[in-house]
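As the structure lists them, so they are numbered: ligands from 1, and atoms in each ligand from 1. These values consider heavy atoms only, across backbone and side chains, with no hydrogens, waters or symmetry-generated copies.
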Amino acid sequence: MTELLYLHDSYLKEFDAAVAAVSSETVTLDRTAFYPGGGGQPSDAGQLRWPGAQARVVETKRDGSSVWYHLEGPAPSEGQLVHGILDWDRRFAIMRHHSALHVLVGAVYRLFGALVTGGAIYPDRARMDFSLEDLSKDRVGAIETEANRVIGENRRILVRFVSREEFERSDLTRLARNLLPPEIQEVRVIEIEGFDAQADGGTHVANTSQIGKLVVTKTENKGKTNRRLEIALTAG
Ligand SMILES: [Zn+2]
C-alpha cells in the first residue's frame, strides 16, 4: 500500500521513500508525492535517485492501493531507499489548470446550474464538458467574466476530508453522475473558500491568485445537451 503524500500536500516537490516491490521496469514505493493520474489530471513525471544511480519516471499509475512507477533507466531493488523528484514546472502548470477548472465549474453551476459530464487537464490547457444546451457567445462571456472575478479575489483553496454520510447529505459534487466507489468512507474535498467545494482527488494551487487569467479558447458542441469549454491561462 502506497501512502499518498500529495493528498495532504500538493506542493511537495521531493520526498524520500523505500522501494516496496519491483516488477520489470516498474517499481512501487511505500509513499509517493507523484500523482498517479485520474479524474482528468495526468500522472506526474520526474526522477528517482539512489546512491550511484538514477532513473527517469515516465509515468505513474495506480493499481488498487499501490502506485507503480514506470521507469526509464536502471530499476532500484526492493528495500532500496530512493529520493523522488517531480518535474515541478509541469506539475505546477497542471495544478493551475486543475484549480482553474474548479473555478470554471463553480461559475457555470452558479450561472446556469449545469453539471459536469467529463474533462481533461494538460500543462497548457484544460477542457470541461457540461450538461448544457445553450452555450451562446453571451453565456461564454458571462462565464469568463465570473471565473476571472473569482480568481481575482485571491481566495484560498483548501483541502478537507468529510465522512461519506456528510458527503451524501451535502452539495459537494458537480458531476452529472456521482461515481463514488462503495468502499470509500472518507471523501476529500477541494474548497475555493466562500465560492465552491467539490469532491476531488487531484492537486491544486493554494490560492486563486496563482491561477492567472482564464481565457475560454474554444467551445464545442458534443451532443444535444453537452457542451465543451476549453480554457487556457495567462500569467495574470
Ligand atoms: Zn478536480
Would you list the atom pairs, donor with acceptor, under 3.5 Å between side chains in residues 20-27 and any protein atom, with sequence neighbours excluded?
from  : atom 1 : to    : atom 2 : distance (Å)
Thr26 : OG1    : Ser23 : O      : 2.7

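- Ser10 and His204 share no donor-acceptor pair across their side chains, judged by distance under 3.5 Å alone.
- Closest non-hydrogen pair, Thr2 versus Ser66, comes out as OG1-CA, 3.3 Å.
- Protein N/O/S atoms nearer than 2.8 Å to the Zn ion (ligand 1) total 3.
- Remark: the Asn207 side chain and the Arg155 side chain contain no N/O donor-acceptor pair separated by less than 3.5 Å.
- Between the side chain of Ser131 and the main chain of Ala114, no donor-acceptor pair closer than 3.5 Å is present.
- Residues Thr208 and Glu153 bring no donor and acceptor atom of their side chains to less than 3.5 Å of each other.
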